[in-house]
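Numbered from 1 within each chain, the chains take letters A, B, ... in sequence-line order. Basis for what follows: all heavy atoms, side chains included, without hydrogens, waters or symmetry-related copies.
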Protein chains: 2
Amino acid sequence: MSRPAYHHGDLPQQAHQQALDILRAESDTAISLRAIAKQIGVSAPALYRHFADRETLLAELAITGFQWLRDSLLQVEQDDPRKALLHIGLAYVSFAQDEPHLYRLMFGGRILPKGAHPRLDEAGLEAFRVLEDTVARGQQEGYLKPLPLPLMTATAWSLVHGLSELIIDGHLPGADAEPRLAESVLTLLLDGSRNEPESHTEETTP
Amino acid sequence: MSRPAYHHGDLPQQAHQQALDILRAESDTAISLRAIAKQIGVSAPALYRHFADRETLLAELAITGFQWLRDSLLQVEQDDPRKALLHIGLAYVSFAQDEPHLYRLMFGGRILPKGAHPRLDEAGLEAFRVLEDTVARGQQEGYLKPLPLPLMTATAWSLVHGLSELIIDGHLPGADAEPRLAESVLTLLLDGSRNEPESHTEETTP
DNA sequence: TTTCTAATGTTATCGGTGTTAACAAAGTTA
DNA sequence: TAACTTTGTTAACACCGATAACATTAGAAA
């Protein structure tokens, strides 16, 4: 358009979107500040007015990723404890499948070192809390075993995270042929985590 | 000895070791062919006589990593099914904790794309089979539920893989304060995967 | 309106990377 | 010895992130 303006006005937004496009199409390693700048039609150092460095730009992508993940998990209805747990697990895995490169960026500790971007850490924590709350509710309603909450959430998170990564990386070839694999895997853990009041009713609340 | 020979004689081995040292000390992104060459005292292009490219060198590191992992898993004694399953899980997580950067390289689908290095894929498969065999044995001996083997192995692998990654990325802060976290997590899945839930083994959760 | 300042661009440049081409030396074999 | 293969070398290309020094503009202050 007729916008040869010296001040672009929308550079951070557009850079963010460009980086996200590249991430989705290729991988995080393919994200180059120079390429982004050229695509937008701006000089490379201009980006440094809005992002401290390349890693910070990647961190912002990961932050929006965690927000999307959180929103997705929040949309799971929470009436029945078992259904809530199963569906939140499925939503988690689906997110990873839909945004594989973004998911790897969010959790690739190698790419974004953990203490380096406080806002990123907090965004991750907020998404994690949705999962934690669901597990806690499952316990409060008596559906899950009354084991320590950190233990149960660590187990649940490990399973969905591991499953997501294995599927994304193609290590579970049955994932496409068997779309209910995730459901079966989650069910296996769920059935084992159920509280069975008739078999043994000891209260070992922490 | 220290002979400034034109032909080095041990270049691939030394390059491999150098790369491994750098990987352990920093990360895979820190591995630079030029730096390795300089350290060894050879020109950078010399490495291309022994490695097709940088990625192939990384793939060879990952291959040895899978061999180590497999060896580690093979050392778990297989008499009692429950003990075997628990200890193979613990050995798996311990490997990841002992070699975090190597583990990330082995499983970072972003770094080493899956179909690109056949020897790597096979090495990973051979390590995986040790886990699969242990699960199969647990089923044959009647300890685990008679569910489809791919489902049970996918579940077990997801859990140990997810747990490993979350621990080495620092997402489970209790991992250091609670060294028995891995054991508790694995026990939770194990108890739920048992074929006959009436027999009570001893309590292992703190 | 005019002026001053902070924000936001620019070009030039530095040091670094993987990789290839062209060439040279050493080892191997006929 | 002569031919050939292997394994090194230097030079160069095309990128990359990042910084310094400078130019332009927008917006508040006078």
Side-chain angles (χ1 to χ4, degrees), chain A residues 1-23 25-62 101 105 108 110-113 116-117, chain B residues 1-23 25-62 101 105 108 110-113 116-117:
Chain A
M1 309 298 287
S2 61
R3 195 177 281 253
Y6 197 87
H7 282 57
H8 185 282
D10 198 29
L11 222 179
Q13 273 285 348
Q14 259 186 260
H16 186 104
Q17 186 60 45
Q18 265 290 325
L20 185 59
D21 291 349
I22 297 172
L23 176 69
E26 316 233 353
S27 82
D28 59 295
T29 58
I31 295 178
S32 133
L33 294 186
R34 298 178 106 111
I36 291 173
K38 174 179 283 188
Q39 187 77 14
I40 296 179
V42 86
S43 74
L47 296 174
Y48 286 85
R49 298 293 178 188
H50 307 276
F51 305 98
D53 50 20
R54 193 187 98 108
E55 192 178 285
T56 302
L57 171 57
L58 296 186
E60 300 210 356
L61 295 184
H101 294 113
L105 175 65
R110 185 189 67 100
I111 316 172
L112 298 170
H117 306 273
Chain B
M1 304 295 290
S2 60
R3 190 168 275 265
Y6 196 87
H7 282 55
H8 186 282
D10 197 30
L11 223 178
Q13 273 284 348
Q14 260 187 261
H16 186 104
Q17 185 60 46
Q18 264 290 326
L20 185 60
D21 291 348
I22 297 171
L23 176 69
E26 316 233 354
S27 82
D28 59 295
T29 58
I31 295 178
S32 135
L33 294 187
R34 297 179 107 111
I36 290 173
K38 175 179 282 187
Q39 186 77 16
I40 296 179
V42 87
S43 73
L47 296 174
Y48 285 84
R49 298 294 177 189
H50 307 276
F51 305 98
D53 50 20
R54 193 186 100 108
E55 191 179 285
T56 302
L57 171 56
L58 296 186
E60 300 210 356
L61 296 184
H101 294 113
L105 175 65
R110 184 188 68 99
I111 316 173
L112 298 170
H117 306 274

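In this structure B/Gln13 satisfies the side chain to side chain donor-acceptor pair (under 3.5 Å) test with no other residue, sequence neighbours excluded. Residues meeting the side chain to side chain donor-acceptor pair (under 3.5 Å) test with A/Ser32, sequence neighbours left out: none. Taking the side chain to side chain donor-acceptor pair (under 3.5 Å) definition, one finds that A/Gln17 meets it with A/Asp21, sequence neighbours left out.
Taking all atoms of both residues into account, the shortest heavy-atom contact from B/Ala62 to B/Leu112 is CB-CD1, 3.8 Å. Nearest heavy-atom pair, B/Ala19 versus B/Leu57, reported as atom, atom and distance to 0.1 Å: CB-CD2, 4.1 Å. The minimum heavy-atom distance between A/Ser27 and A/Thr29, with the atom names listed, is OG-OG1, 2.7 Å.
Contacts between residues 25-34 of chain A and DNA chain D, defined by a heavy-atom separation under 4.0 Å, are made by A/Ile31, A/Ser32, A/Leu33, A/Arg34. Remark: nothing in residues 53-62 of chain A comes within less than 4.0 Å of DNA chain C through any heavy atom. Near-neighbour residues of DNA chain C inside residues 39-51 of chain B, defined by a heavy atom below 4.0 Å, number-ordered: B/Pro45, B/Tyr48, B/Arg49.
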Report, one line per pair, each donor and acceptor closer than 3.5 Å where one atom sits in a side chain of residues 33-52 of chain A; sequence neighbours left out.
none

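Rounded to whole angstrom, the span from the NZ atom of A/Lys38 across to the C1' atom of D/dA14 amounts to 11 Å.
Judged as a side-chain hydrogen bond (donor to acceptor under 3.5 Å, both in side chains), the pairs with a partner in residues 51-60 of chain B (not counting sequence neighbours) are, in order, B/Asp53-B/Thr56, B/Glu55-B/His117.
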- Task: Run the numbers on A/Ile31 and A/Leu61 for side-chain contact (heavy atoms from CB on, under 4.5 Å), then give the verdict.
- Result: CA-CA 11 Å; A/Ile31 295 178; A/Leu61 295 184; 3.9 Å; yes
- side-chain contact (heavy atoms from CB on, under 4.5 Å) evaluation trace for A/Leu105 with A/His101: CA-CA 6 Å; A/Leu105 175 65; A/His101 294 113; over 6 Å; no
